[in-house]
Amino acid sequence: MKLNSITLAALALTASSAIANNTVENTLKINQIQVVGTHNSYSQFVEPKLLAIFDNVIEEKKSEFVKNLTPEQLKKFEEEHPNSMRFTDALNYSYDSLTEQLEAGVRSVAIDIFRDPEGGRFLKPAGYELLKSKGLPESSLLPHDKTDLEKPGLKVLHAADLDFRSNCNLFTTCLKELADWSKLNPTHAPIFVMLEAKGRSIMEMLPGATQVLPFEKSAYAEMDESIKTIIGRENVITPDDIRAQYPTLEQAVKAHNWPKLADSRGKFAFLLIAAGDTSDLTHYVDGRPNLEGRMAFLRSSPGQKHSAFILMDNAVVRQQEIQRYVKQGYLVRTRSDIETYEAKVNDMSRAKAAFKSGAQVISTDFYKPGNPYGTSYKVTLPEGVDYLCNPVNAKCE
């Protein structure tokens, strides 16, 4: 029997006995809760005419890519893309403002950032220029808000030239919206902000394609400084806060040296995916083996000095591993739906697996009623609840 979102949330709530009170919050640590987050939280629908042109092209490229994978690489690919969704379906989601999401109880948002040190790099997306060259007036396309795109600074979008419609074009604008809401709601549960630093393009085949710049050390410095300036160092839970007196960040994590929930209300924790590279050679960890002085926790694998945050999106396949890592003290992000498949077929099984896994951040594309497929699928917590006690590593009875 398929479970609807209300049943799922009720089960998760019952299983973890999540009743917010002072006693619980003085006992719980921030790695002992679960929150619902959104995926590509800034994103708006991609122009359908553009998707129609490139759907088959992307599918052909994907097929060619898969043919060249080793058996081990293929297994990983199938885990990350379990339902063989076409490109058009995979991008079939859109979000309202970050403020609206936070008001709805979302406590994790995801923001992709690109370098644009001179400004204007993403002002004229090649996809729209192509459509206009075919005689389509820009007024016939989904509107592209160009606010601040001419300014230097980190830009927020999903894929240059294709999926570029954003609710906040500047990284600093997104941060200010988060900070402003937090100031008005100072007792909120900690907000986990997923950052993905992007340095590659998937649309090189487009004439006049935007040159995406590699994400270099200077860009990470800009990212960190923006967080300090706008959110405020005192409002951010950082790797240094967790490591404290421990020799490595991972040792502190495995000692469960996370702050109490009661001391973390009104604060943020930033979780970084560094341009798809999770090795010790990333610019973000160079010279900072424990992320000393950094504002974000870097995606890692157990056994690295800086290990604190692990990304395991497929909770159906990795449920037992996630549970093991959560018990050990790591923060884990997983997904309740992948590439919109679950919403399309109205299937809550992956969401149920995500809650059972104990992953602290559970990401969805559908956090409220209504989706492009007309199903009842959504992943949300009961009204007025912004976290659950973790069923794997906490006792909240």
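These numbers come from a predicted model, not from an experiment.
How far OG of Ser166 is from CD1 of Ile111: 8.5 Å, rounded to the nearest 0.5 Å. To the nearest 0.5 Å, the span separating CD on Gln101 from OG1 on Thr38 amounts to 4.0 Å.
Two residues are said to be in side-chain contact when any heavy atoms from C-beta on lie closer than 4.5 Å; Pro125 and Leu50 fail this criterion. For the pair Leu149/Lys155, a side-chain contact is recorded, criterion being any heavy-atom separation below 4.5 Å from C-beta on. Val236 is listed as a side-chain neighbour of Ile227, based on a closest heavy-atom distance under 4.5 Å.
Taking a cutoff of 4.0 Å between a charged side-chain nitrogen and a carboxylate oxygen, Glu321 and Arg318 qualify as a salt bridge. A salt bridge links Asp89 with Lys344; the closest basic N to acidic carboxylate O contact falls under 4.0 Å. Between Lys146 and Glu138 there is a salt bridge, since a side-chain N of the basic residue sits under 4.0 Å from a carboxylate O of the acidic one. Between Glu129 and Lys132 there is a salt bridge, with a side-chain nitrogen of the basic residue lying less than 4.0 Å from a carboxylate oxygen of the acidic one. Here Lys151 pairs with Asp148 in a salt bridge; the nearest charged N to carboxylate O distance falls below 4.0 Å.
In this structure, the salt bridge (charged side-chain N to carboxylate O under 4.0 Å, His left out) partners of Arg86, at least two apart in sequence or on a different chain, are Asp55.
Ring pair His39/Tyr93: centre-to-centre distance below 6.0 Å.
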*salt bridge (charged side-chain N to carboxylate O under 4.0 Å, His left out) evaluation trace for Asp337 with Lys378*: CA-CA 10 Å; Asp337 37 87; Lys378 65 174 181 175; over 6 Å; no
*asked:* Does Asn92 form a side chain to side chain contact (heavy atoms under 4.5 Å, CB included) with Tyr373? I'd like the steps, not just the answer.
replied: CA-CA 9 Å; Asn92 196 15; Tyr373 301 111; 3.4 Å; yes
*asked:* The test is salt bridge (charged side-chain N to carboxylate O under 4.0 Å, His left out); show your working for Lys62 and Glu59 and say whether it passes.
replied: CA-CA 5 Å; Lys62 185 170 75 174; Glu59 289 303 314; 3.5 Å; yes
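Under the salt bridge (charged side-chain N to carboxylate O under 4.0 Å, His left out) test applied with Asp224, the options Lys217, Arg233, Arg294, Arg288 reduce to a single match, Arg294. Asn314 pairs in a side-chain hydrogen bond (donor to acceptor under 3.5 Å, both in side chains) with only one of the listed residues (Lys76, Glu79, Arg350, Glu78), which is Arg350. Checked options Tyr220, Phe114, Tyr284; the residue passing with Phe215 is Tyr220 (criterion: ring pair (Phe, Tyr, Trp, His ring centres under 6.0 Å)). Just one residue in the list Asp180, Leu178, Thr172 forms a side chain to side chain contact (heavy atoms under 4.5 Å, CB included) with Ile230, and that residue is Thr172.
Relative ring orientation between Tyr367 and Tyr95 is described as parallel, the plane-to-plane angle staying below 30° on a 0-90° scale split at 30° and 60°. Using the six-membered ring where Trp is involved, Tyr325 and Tyr330 have ring planes that are perpendicular, over 60° apart on the 30 and 60° scheme.
Under the 4.5 Å side-chain contact rule for hydrophobic residues, Phe45 and Leu131 share a cluster. Ile58 and Ile338 are assigned to two separate hydrophobic clusters, defined by single-linkage of ILVMFWY side chains at heavy-atom distances under 4.5 Å.
Among all heavy-atom pairs drawn from Gly127 and Leu206, the shortest one is N-CD1, 3.8 Å.
Through chains of ILVMFWY side-chain contacts below 4.5 Å, Leu69 is grouped with Phe65, Val66, Leu74, Phe77.
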